[in-house]
Amino acid sequence: MDINLFSYRYDKSIIHKIPALLKIIFLCFISIRLFSSKINSLNINAWIQCCFYFIINCILFIISKTKFSSLKKLSYIPILGIIIILIIGLDFNPIKINFSKSLEALLYVTRLFIISFLALIIFDTTSTYQIEKELDKIPLFKKFKISQTISLTILFIPLIFRLWNQINLASKARICNKK
């Protein structure tokens, strides 16, 4: 079981050929667009915006030739989302479920999933070397060596998941199973 969340996968798709800086700017733009508006679950425009960006992500997912099995890497978001919806939706005086707060939490979790889905696509098609090389083109980043820090941070995320998986498998191999 190899889990490499937000790690680079070599291919020759159209998305792989797009410059890394454009992909990072696109990710930042979509993140700002989704999370800048006030969370109001009754606002139909917020849900339409989420649907629009989800459709864009699906198109990018198909164009980038990312495997459907990689979507399992994002399975923690619905699980975390259910917990968030339950915690935010509960009113304790008296104990009851507040559906408007639950819908707001659902909208927040939906936005989080869309951004994570886009990040999965972008980091699946962009190596840390490409990110560092593109960020070095920005004079301010090059002067303060920020590009190297950002690319190492991005490289650190899949490394943590890979090492966690190796530790988990090693511990399972050493546990005596009496079945």
Side-chain angles (χ1 to χ4, degrees), residues 1-37 39 46-81 84 107-171:
M1 181 160 128
D2 190 25
I3 299 174
N4 294 322
L5 188 62
F6 303 129
S7 61
Y8 176 67
R9 176 190 50 85
Y10 177 78
D11 203 345
K12 293 185 178 182
S13 71
I14 297 169
I15 305 298
H16 280 81
K17 295 176 183 177
I18 295 175
L21 190 59
L22 282 175
K23 291 185 223 179
I24 298 296
I25 290 171
F26 183 69
L27 177 64
C28 293
F29 174 76
I30 299 297
S31 299
I32 291 168
R33 287 281 298 138
L34 278 175
F35 285 103
S36 64
S37 62
I39 293 181
W47 289 101
I48 291 172
Q49 183 184 37
C50 286
C51 290
F52 174 74
Y53 288 125
F54 181 74
I55 290 169
I56 288 175
N57 285 350
C58 290
I59 292 168
L60 292 173
F61 183 79
I62 292 168
I63 292 172
S64 68
K65 301 176 185 175
T66 305
K67 296 177 183 174
F68 283 102
S69 61
S70 65
L71 285 177
K72 284 189 248 179
K73 300 173 190 175
L74 298 178
S75 63
Y76 68 92
I77 294 176
I79 295 167
L80 182 68
I84 291 171
L107 180 61
Y108 178 81
V109 170
T110 303
R111 290 172 173 178
L112 179 64
F113 179 78
I114 290 170
I115 293 303
S116 299
F117 186 30
L118 182 59
L120 176 80
I121 295 166
I122 288 177
F123 294 124
D124 194 50
T125 60
T126 311
S127 71
T128 53
Y129 174 73
Q130 290 171 329
I131 293 171
E132 184 179 348
K133 191 176 97 176
E134 289 291 320
L135 291 177
D136 269 341
K137 293 179 180 176
I138 301 172
L140 182 65
F141 281 32
K142 189 172 186 171
K143 181 179 179 184
F144 295 110
K145 301 213 185 289
I146 297 173
S147 58
Q148 190 176 30
T149 306
I150 292 172
S151 63
L152 286 174
T153 305
I154 292 169
L155 176 67
F156 187 68
I157 296 169
L159 183 63
I160 289 290
F161 285 102
R162 194 174 309 122
L163 289 174
W164 178 260
N165 190 39
Q166 288 175 353
I167 292 169
N168 193 19
L169 290 175
S171 67

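Note that the structure is a prediction, hence the values are computed from the model and not measured. Note that these values count all heavy atoms, side chains included, but never hydrogens, waters or copies made by symmetry.
Annotation: the span from L60 atom CG to F117 atom CZ amounts to 8.5 Å, rounded to 0.5 Å. Residue I32 holds its CD1 atom at 8.5 Å from CZ of F29, rounded to the nearest 0.5 Å. Atom CD1 in I122 sits 6.5 Å away from atom CZ in F26 (nearest 0.5 Å). Distance check, rounded to the nearest 0.5 Å: CD1 of I63 to SG of C58 gives 11.5 Å.
By the side-chain contact (heavy atoms from CB on, under 4.5 Å) test, I55 is found to be paired with I59, residues two or more places apart in sequence or in another chain being considered. K72 is linked by a side chain to side chain donor-acceptor pair (under 3.5 Å) to nothing, counting only residues two or more places apart in sequence or in another chain. Remark: T110 pairs with no residue by the side chain to side chain donor-acceptor pair (under 3.5 Å) rule, at least two apart or across chains. Scanning for side-chain contact (heavy atoms from CB on, under 4.5 Å) contacts around I62 gives an empty result, with sequence neighbours left out. Y53 meets the side chain to side chain donor-acceptor pair (under 3.5 Å) test with R33; sequence neighbours excluded. Every side-chain contact (heavy atoms from CB on, under 4.5 Å) that T66 has, sequence neighbours left out, goes to R9, F61, S64, S70, D124. A search for salt bridge (Lys or Arg N to Asp or Glu O under 4.0 Å) contacts involving K133 returns nothing, not counting sequence neighbours. Annotation: side-chain contact (heavy atoms from CB on, under 4.5 Å) contacts of S31 (sequence neighbours excluded): L27, I115. By the ring-ring contact (aromatic ring centres under 6.0 Å, His included) test, F35 is found to be paired with Y108, residues two or more places apart in sequence or in another chain being considered.
Of the possible donor and acceptor atoms, one in the side chain of K23 sits under 3.5 Å from a partner among the backbone N and O of T125. Distance alone, capped at 3.5 Å, is enough to place a donor-acceptor pair between the Q130 side chain and the S127 backbone.
Side-chain contact between Q49 and L34 is present, with heavy atoms from C-beta onward closer than 4.5 Å. Contact check for F68 versus L71: side-chain heavy atoms found under the 4.5 Å cut-off.
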Test side chain to side chain contact (heavy atoms under 4.5 Å, CB included) applied to L118 and F123, step by step: CA-CA 9 Å; L118 182 59; F123 294 124; over 6 Å; no
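T126 approaches A20 most closely through the heavy-atom pair CG2-CB, 3.4 Å.
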